[in-house]
Amino acid sequence: MLDPVAIHEIAGAALLGGAIILFGAGYALFLALSRLHGSALFSRISLACYAALAASAGGLTVLLNLWGWWLALVGALLAGYFVAPRFIWRLSEAVHGGASSDLEGHGG
């Protein structure tokens, strides 16, 4: 049978892992909305989501006592979550060009 402290650590790690995924999705969504609409508010919300993602990753490293290469892996996770939505946006612009402005006039 598991120690009650271990159960709390496992549950906390699961919750923080889920928070990383949700805040990463929020960051990507609000970054795309800020670029699509040119909104400074969405840009600030996306950065707040990224800050919450970084805090969740930091909490996970403390909770699981990660060190050494694991810290490098968490750093790579944070770097990847930061640059991937930006690269995907640029790729979408390159592939679709000005298609987003064409859709705005058609209600889509």
Side-chain angles (χ1 to χ4, degrees):
M1 189 155 155
L2 289 175
D3 183 24
V5 174
I7 292 173
H8 290 293
E9 289 175 356
I10 291 170
L15 289 174
L16 286 172
I20 289 171
I21 299 298
L22 289 176
F23 288 129
Y27 167 66
L29 174 70
F30 285 109
L31 180 69
L33 287 173
S34 73
R35 299 254 174 114
L36 188 63
H37 297 293
S39 171
L41 175 65
F42 285 148
S43 180
R44 280 183 252 139
I45 293 172
S46 73
L47 290 176
C49 285
Y50 185 78
L53 181 149
S56 298
L60 190 64
T61 60
V62 170
L63 181 68
L64 297 179
N65 293 326
L66 300 179
W67 53 275
W69 288 104
W70 288 105
L71 290 178
L73 184 63
V74 171
L77 171 132
L78 289 173
Y81 265 112
F82 187 77
V83 299
R86 296 170 186 274
F87 285 145
I88 291 169
W89 181 263
R90 288 184 184 191
L91 176 66
S92 297
E93 281 183 332
V95 169
H96 298 290
S100 63
S101 63
D102 293 340
L103 292 175
E104 288 175 0
H106 295 96

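Side chains are part of it too, since the values below use all heavy atoms of this structure and drop only hydrogens, waters and symmetry mates.
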Would you say that I20 contacts L60 through its side chain, given a criterion of any heavy-atom pair below 4.5 Å between the two side chains? yes
How far apart are the closest heavy atoms of [X] and [Y], and which atoms are they?
{"X": "S46", "Y": "L31", "value": "CB-N, 3.5 Å"}
{"X": "S34", "Y": "S43", "value": "CB-N, 3.4 Å"}
{"X": "A57", "Y": "L77", "value": "CB-CD2, 4.4 Å"}
{"X": "L16", "Y": "G59", "value": "CD1-C, 3.6 Å"}
{"X": "P85", "Y": "G80", "value": "CD-O, 4.3 Å"}
{"X": "W67", "Y": "N65", "value": "CD1-O, 3.2 Å"}

Residues which pass ring-ring contact (aromatic ring centres under 6.0 Å, His included) with F30, listed by chain and number, not counting sequence neighbours: F42
Single-linkage hydrophobic cluster [X]~[Y], side-chain heavy atoms < 4.5 angstrom:
{"X": "L64", "Y": "W70", "result": "yes"}
{"X": "F23", "Y": "L29", "result": "no"}
{"X": "I88", "Y": "V95", "result": "no"}

Where at least one partner belongs to residues 4-27, residue pairs that pass side-chain hydrogen bond (donor to acceptor under 3.5 Å, both in side chains), sequence neighbours excluded: Y27-R86
Any donor-acceptor N/O pair, Y50 side chain to Y81 backbone, under 3.5 Å: no
Going by the rule side chain to side chain contact (heavy atoms under 4.5 Å, CB included), which residues pair with W89 if we only count those two or more places apart in sequence or in a different chain? A32, R35, L36, E93
